[in-house]
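Structure record follows, encoded as structure tokens.
Start at 1 and go down the list; that is how both ligands and their atoms are numbered. Computed from a prediction, not measured in an experiment: that's the story for all the values here.
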Amino acid sequence: MNVLLGTIDPIKRLSGRTRERWNRVISQFCMPTFKGARSFIGRMGKPFAKPGRQKALLRALLESSPDAMWIKDHDGTYIACNSRAARNLGLQVDDVIGKRDADLFDCETARRHLTVDQTILAGEVSVTSEGKYVDARTGDVYVLESIKTAVYHANGDLLGVLGIARDITDRKRAEERLSQAAKVVESTSEGVMITDTSGRIISVNQALCTITGYSEQEVLGQTPGLLDVADRDFGLMQAIWSSVRHTHTWQGEIWNKRKNGERYPVRWAINSVRDRNGNTTHYAGVATDLSRIKRYEDQLDYKAHYDEITGLPNRTLAMEQIDHRIRIGLKGDEKLAVLLIDLDFFKRVNESLGHLAGNKLLQHVAERISCASPDANTVARLGSDEFAIILAGRSGLAEVEDTAKRIIAAMSSPFDVNGNDVYIGCTIGISVYPTGGCDSITMLTNADTALSHAKRQARNSFCFYNPTLTYVARQFLDLDASLRRALELNEFELYYQPQICLATGAIRAVEALLRWNRPGVGMVSPAAFIAHAEQTGLIVPIGQWVVMQACKQLSAWQSLGLSGFRISVNLSPSHLTSPDLIAQIRASLASTGAQPEMLELEITETTLMEHHSSTRDVLQDIKKLGVTLAIDDFGTGYSSLAYLQQFPVDLIKIDRRFINDAPANARAEGMLASIIAMARHLHMDPLVEGVETEAQCRLLHVLGCDYAQGNYFSAPTSAGDVTSFLQNSKKNMP
Ligand code: C2E
Ligand code: MG
Ligand code: MG
């Protein structure tokens, strides 16, 4: 036990009663016999030579101590304490003296004190204990470390128990913080390594062992060089340690080696640990294993540059490669061409066979394109059904053209998708550096312009970009905007052309034919804009307008008492496959009051062939509405008899090319005769379109064709003219 030597001044400040009590106790002690005091006195040399001086010294000794001190007699009554002890209880010294623990503490604490005191009185030399207390004034909890020992009279009789308590709250807190820090270090997923200044490892946490594969025993005493890869860059290591020595810190990524020899990327944060004087005492390193992050980054990089379905480079990588080729420069007669390939009918496969089948088809397509273009620097998938080939090298334009032809040929044979023979095709737009652009964006944009142009020309074709195509494309955009405006401003009008019953001369129907009354231009024929509207999708709202307008006209004629004929409306492929077609027709009929049986819809033979599976159900639904159906432009789509039988069609409109050639051409006449016979066989009415002459009319009569339509009877004309025509023919009816 240490007894601290202090000044006697504090005892002078005590109240008279307290001073008296101290004096009493000290005189009772006469010569305290506890160990520390003995040695203290021993050190003093001459022990308490004068009694008054002894008392004063002892008082000073007790009072000047920063620790709380007290003496209890063997009954447990406080016979002395210093101000610090009293202050701990929120009391004055006088308030403590004469009290027992039961008077000063709660039951539990008092019992604890008693137990320790009894141990001491029973002969134990000293007992050290810790206890938590609440500061009576502030309510703060503090921790005291107490040392208790027996105190004897000079004659050797037991006086009681001397206690000294030191406030160790701060130390405890520091210890707790350290232990928390240790727990954090132990529980972190980052490896922690501490070395001494010579670089020997003196401490590691579990995470470091997990990362490196070494046990704690294996690394302690070693240097961090244990983790070095064989080809460690010596210069780098020097730079790291130089930074730590001069700036006390270094952070960065390096490669380390695990115990099993595996290399892995790791981020180290190394700091020097310094004492108060700034001298380095240790080095602490925190290691983050980046191998998982790197793997993830690699995956992300793959995803960012490759198409998941086909494994081909994606648009980003393709563009990077085009730009790279342009950047490194083309030498001499080297060429750089970008072929943009767009698949036909891919959407239909996706819709009819499902996305998984669509994905499989894309994989087959990727294989075929790759096989068909062995010279390609890159084959990429840019998006849904869009592929691209980058050709760079000495091959001339003829070779580029050959590649395009090979790809078109490769796409023309059927693909086996889940046991189905799937026919698709492709169209290709080509841009060649530098006329087709000097960067990836421009080259792809121009290839796309060429692609659109090729599509407008013919399917399964290709087109090289040239600057006039941009002009054409701009016109295309202008037309698009004008058509949208036409719809909004009601610039469309329906003309009507009658279909005549050859036997009676009666009007079977009038075909509604769209006209665009374009301001400043005049009447524009549908041939000038229908294909365009079909490409842009604008044909659907236009078609909806036509159906509604035809129904309104029917209703108007019905109210004039004109009936017994139909209005025949042309339905585009996109409109036919639009999801709300049936609802829209039903709504147009209902809102106008037009009779469904007076409405007929025309679908071209080509449309019927291209939209086979989905169309049959739609046609059945149309029939259920009471609307009749006609096949338009028959003879241009090469459909078979068996094929036609599947559809609920009422009328076959035989394309005008047959009648045009017929009177002079025996073969055309034969064809016409067999189509008419076939229609009869299928219980469909035959009608021949484009009848212009009396001779043609007579021939049809001979061939037994029921109906005809053409300028010979009437060119398409306005609703007003047709109304008079219908009224007249009604008058002329017998
Ligand atoms: P289509 O359905 O085969 O219509 C018949 C076309 O033949 C009409 O051309 C008509 O004017 C023309 N025609 C009729 N008789 C004769 C003739 O004796 N000699 C000649 N040389 N031609 C004759 P139009 O009105 O220019 O329509 C062209 C095509 O545009 C139509 O062919 C049809 O496919 C399409 N079309 C017209 N209106 C619409 C419409 O409202 N919607 C859709 N989707 N297509 C329409
Ligand atoms: Mg038609
Ligand atoms: Mg036609």
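The shortest N/O to N/O separation between Leu514 and ligand 1 falls below 3.5 Å. On a distance-only criterion, Arg515 and ligand 1 share at least one N/O pair closer than 3.5 Å.
The closest protein non-hydrogen atom to atom 28 (C) of ligand 1 is Pro526 CG, 3.9 Å. Atom 31 (C) of ligand 1 has as its closest protein heavy atom Leu513 CD2, 4.2 Å. Nearest protein heavy-atom neighbour of atom 11 (O) of ligand 1: Pro716 CG, 3.2 Å.
A donor-acceptor pair is defined here as one N or O able to donate and one able to accept, closer than 3.5 Å; such a pair exists between the side chain of Gln497 and the backbone of Ser714. A side-chain donor-acceptor contact under 3.5 Å links Thr310 to the backbone of Leu312. Judged by distance alone, the side chain of Asp580 and the main-chain N or O of Ala583 form no donor-acceptor pair under 3.5 Å.
Summarising the contacts of atom 5 (C) of ligand 1 with Lys653, Gln696, Glu689, the nearest heavy atom is found in Glu689. Counting heavy atoms only, Arg656 comes closest to atom 23 (C) of ligand 1 of the residues Arg656, Glu602, Glu692. The option from Asp655, Asn570, Val540 that lies nearest to atom 45 (N) of ligand 1, judged by heavy atoms, is Asn570.
To the nearest 0.5 Å, the span separating CG on Asn466 from OG1 on Thr449 amounts to 10.5 Å. The structure places CG of Leu487 at 8.5 Å from CH2 of Trp545, a figure rounded to the nearest 0.5 Å. The line from CD1 of Ile530 to CD of Gln535 is 12.5 Å long, rounded to the nearest 0.5 Å.
Using a 4.0 angstrom heavy-atom cutoff, Glu511 counts as in contact with ligand 1.
Numbered from 1 in the order shown, with element, the atoms of ligand 1 that lie under 4.0 Å from a heavy atom of Val546 read 41 (O). The contact set between ligand 1 and Asp633, taken as ligand atoms under 4.0 Å from a residue heavy atom, comprises 3 (O). Using a 4.0 Å cut-off to heavy atoms of Gly710, the atoms of ligand 1 that qualify are 15 (N), 18 (O). Within ligand 1, the atoms closer than 4.0 Å to a non-hydrogen atom of Gly690 are 16 (C), 17 (C), 18 (O), numbered from 1 in the order shown. Atoms of ligand 1 lying under 4.0 Å from any heavy atom of Val691, numbered from 1 in the order shown and given with element: 18 (O).
Looking at Asp632 against ligand 1, only its side chain comes within 4.0 Å, counting heavy atoms. Both the backbone and the side chain of Asn711 come within 4.0 Å of ligand 1, counting heavy atoms alone. Proximity of Gln497 to ligand 1, defined as any heavy-atom pair under 4.0 Å, is confined to the side chain (atoms from C-beta onward).
Between the side chains of Asn660 and Glu692, no donor-acceptor pair of N or O atoms lies under 3.5 Å.
Judged by the 6.0 Å distance and 45° axis criteria, Arg368 is positioned over the aromatic ring of Phe415.
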Please list, one pair per line, the donor and acceptor atoms closer than 3.5 Å that link side chains of residues 419-429 to other protein atoms, with sequence neighbours excluded.
unit_1, atom_1, unit_2, atom_2, d
Asn420, ND2, Val417, O, 3.1

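Each protein N/O/S atom under 2.8 Å from the Mg ion (ligand 2) was counted, for a total of 4.
Remark: Glu488 does not engage Arg484 in a salt bridge, criterion side-chain N to carboxylate O under 4.0 Å. Comment: Glu386 engages Arg315 in a salt bridge, judged by a side-chain N to carboxylate O separation of less than 4.0 angstrom. Using a cutoff of 4.0 Å between basic side-chain nitrogens and carboxylate oxygens, Arg680 and Asp706 are scored as salt-bridged. For Lys653 and Glu600, the salt-bridge test fails: no basic side-chain N is under 4.0 Å from an acidic carboxylate O.
Per-atom contact check: atom 9 (O) of ligand 1 does not touch the protein, criterion being a heavy-atom distance below 4.0 Å. Of the protein's heavy atoms, at least one falls inside 4.0 Å of atom 19 (N) of ligand 1.
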Inset, instruction - Would you please test Asn314 and Glu308 for side-chain hydrogen bond (donor to acceptor under 3.5 Å, both in side chains) and show each step? - result: CA-CA 9 Å; Asn314 64 9; Glu308 262 183 86; over 6 Å; no
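Shortest non-hydrogen contact noted between Arg515 and Pro526 is NH1-CD, 3.1 Å.
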